[in-house]
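Notes to accompany the following structure.
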There are 2 protein chains.
Amino acid sequence: MSEDFGKLIRQARKIKGYSQRELAKILKIDFTYLSKLENNRADYAPKEDVIRGLARNLDIDEEELIYLAGRIPHQEEELLKQHYKSMPALFRRMRENPEFAKQVLQEVANTEEK
Amino acid sequence: MSEDFGKLIRQARKIKGYSQRELAKILKIDFTYLSKLENNRADYAPKEDVIRGLARNLDIDEEELIYLAGRIPHQEEELLKQHYKSMPALFRRMRENPEFAKQVLQEVANTEEK
DNA sequence: TATTTTAGCTTGAACAAACAATCAACTTAA
DNA sequence: TTAAGTTGATTGTTTGTTCAAGCTAAAATA
């Protein structure tokens, strides 16, 4: 589990003024599990549903939280398949050349008209 | 499982002149499982190891086959986490605007000096 | 002020569900 | 009559979550 995933959800929970038990109840998960998530003590990332539940109730962007957890949103799997021939290059390039990654992501962020 | 994953590995196997049993033996998987993979009858994508084994023995690019199977190579998970804030935009943009996707991927492919 | 609640949190062990692969039985073509 | 391939049922493994037990600090109570 990501180092910052736990930090982020704990912080967000506190801002919302929930105790772990309160939030866990809303999400219908065990509060001890939420504790583990906040401490990055869960061996594996939660399921997408759980992550989305967290995001919704904590006013975090759902997709962002999914990526932060090290998952890829289910709906994007199609994209991977469709572009399977060029994806490896894209990812390798972004990994090996952080400047490039920054540039591409910047570009996308800019052209986005929210 | 991807529509073309099965087709691709079956085709590649035939080119190599293997029967399902022969190839399965090399990969140390059950030949009936290989059959299912070729027919896209396996409910879930194989593990990364199995995909890599297939790719190696069938002269397919390992990463490409992983993406085609709808998975993301383990080593790339870090990248997702690192850029969790901008990834959603990138993927959404690529999904919603195939032209954009093409362009970005082209660009990467071109600047790659193999 | 010492003592007992209580509210919030953490952790290892146990468990359940989802996922990945095999087994047993069959079909077909050669 | 065997070599190749398919399929539904079953099983094994990994992943995701809960359970049982306990810790700590701050309030309440004596």
Side-chain angles (χ1 to χ4, degrees), chain A residues 1-3 5-55 57-58 62 65-75 77 80-81, chain B residues 1-3 5-55 57-58 65-74 77 80-81:
Chain A
M1 278 293 309
S2 154
E3 168 62 14
F5 181 88
K7 270 192 193 157
L8 181 59
I9 61 174
R10 164 165 284 155
Q11 185 196 223
R13 171 176 66 81
K14 294 206 159 153
I15 289 170
K16 298 288 268 183
Y18 291 134
S19 71
Q20 287 181 347
R21 283 163 214 251
E22 284 169 341
L23 178 57
K25 186 156 203 176
I26 293 170
L27 299 176
K28 278 172 240 176
I29 61 174
D30 197 278
F31 71 94
T32 68
Y33 184 41
L34 180 54
S35 171
K36 280 179 189 173
L37 293 178
E38 287 187 357
N39 292 289
N40 305 303
R41 281 269 175 346
D43 292 350
Y44 307 97
K47 291 223 178 120
E48 194 169 315
D49 307 19
V50 174
I51 301 176
R52 286 190 187 278
L54 281 163
N57 287 279
L58 296 176
E62 295 187 28
L65 196 57
I66 293 173
Y67 285 105
L68 183 58
R71 289 205 184 285
I72 203 159
H74 221 68
Q75 58 176 139
E77 279 172 21
L80 299 181
K81 290 181 192 173
Chain B
M1 279 291 311
S2 157
E3 168 63 13
F5 181 88
K7 271 192 191 156
L8 181 59
I9 61 175
R10 165 165 282 154
Q11 184 196 223
R13 173 176 65 80
K14 293 206 159 152
I15 287 171
K16 297 289 267 183
Y18 291 135
S19 71
Q20 287 182 347
R21 284 164 215 252
E22 284 169 341
L23 177 57
K25 186 155 201 176
I26 294 169
L27 299 175
K28 278 173 242 176
I29 63 173
D30 197 277
F31 71 95
T32 69
Y33 184 44
L34 181 53
S35 171
K36 280 178 189 173
L37 293 178
E38 288 187 356
N39 292 289
N40 304 303
R41 281 271 177 339
D43 293 349
Y44 306 95
K47 294 225 177 115
E48 193 169 315
D49 307 17
V50 174
I51 301 176
R52 287 189 186 276
L54 280 163
N57 286 278
L58 297 175
L65 196 57
I66 292 172
Y67 286 105
L68 183 57
R71 288 204 184 286
I72 205 158
H74 218 69
E77 277 172 24
L80 299 181
K81 289 182 193 172

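Just so it is clear: chains get the letters A, B, ... in the order the sequence lines come, proteins before strands, and each one is counted from 1.
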Describe the nucleic acid contact of B:Ser19 in one word from base, sugar-phosphate, nothing, applying a heavy-atom distance below 4.0 Å. sugar-phosphate

How long is the line joining [atom1] of [X] and [atom2] of [N], in whole Å?
X	N	atom1	atom2	result
B:Leu37	C:dC19	CG	C1'	13 Å
A:Phe31	C:dG8	CZ	C1'	9 Å
A:Tyr33	D:dT18	OH	C1'	10 Å
B:Tyr44	D:dT15	OH	P	14 Å
A:Ile29	D:dT18	CD1	P	7 Å
A:Lys28	D:dG16	NZ	C1'	18 Å
B:Tyr18	D:dA4	OH	C1'	17 Å
A:Asp30	D:dC19	CG	P	6 Å

Between the side-chain atoms of A:Lys36 and the base atoms of C:dG12, is any donor-acceptor pair under 3.5 Å?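 Present.
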
So, does the side chain of B:Thr32 form a donor-acceptor pair with the base of C:dC23 at under 3.5 Å?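 It does, because a donor-acceptor pair links the side chain of B:Thr32 to the base of C:dC23 below 3.5 Å.
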
State whether [X] places a side-chain N or O below 4.0 Å from either non-bridging phosphate oxygen (OP1 or OP2) of [N].
X	N	result
A:Gln20	C:dA7	no
A:Arg41	C:dT11	yes
A:Arg13	C:dG8	no
B:Arg71	C:dC19	no

Should we count NZ of A:Lys16 as having more than 12 external heavy atoms under 6.0 Å?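 More than 12 heavy atoms, drawn from other residues, nucleotides or ligands, come within 6.0 Å of this atom.
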
State whether B:Phe31 and B:Arg21 meet the cation-pi test: NZ (Lys) or CZ (Arg) under 6.0 Å from the six-membered ring centroid, and within 45° of the perpendicular axis. yes

Both B:Lys47 and B:Glu22 contact DNA chain D. Which one's nearest nucleotide lies toward the 5' end? B:Glu22

Side chain B:Arg71, main chain B:Ile66, donor-acceptor under 3.5 Å: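 Absent.
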
What pair of heavy atoms forms the shortest contact from A:Glu48 to A:His74, and how long is it? OE1-N, 2.8 Å

Does any non-hydrogen side-chain atom of B:Ile51 lie less than 4.5 Å from one of B:Leu68? no

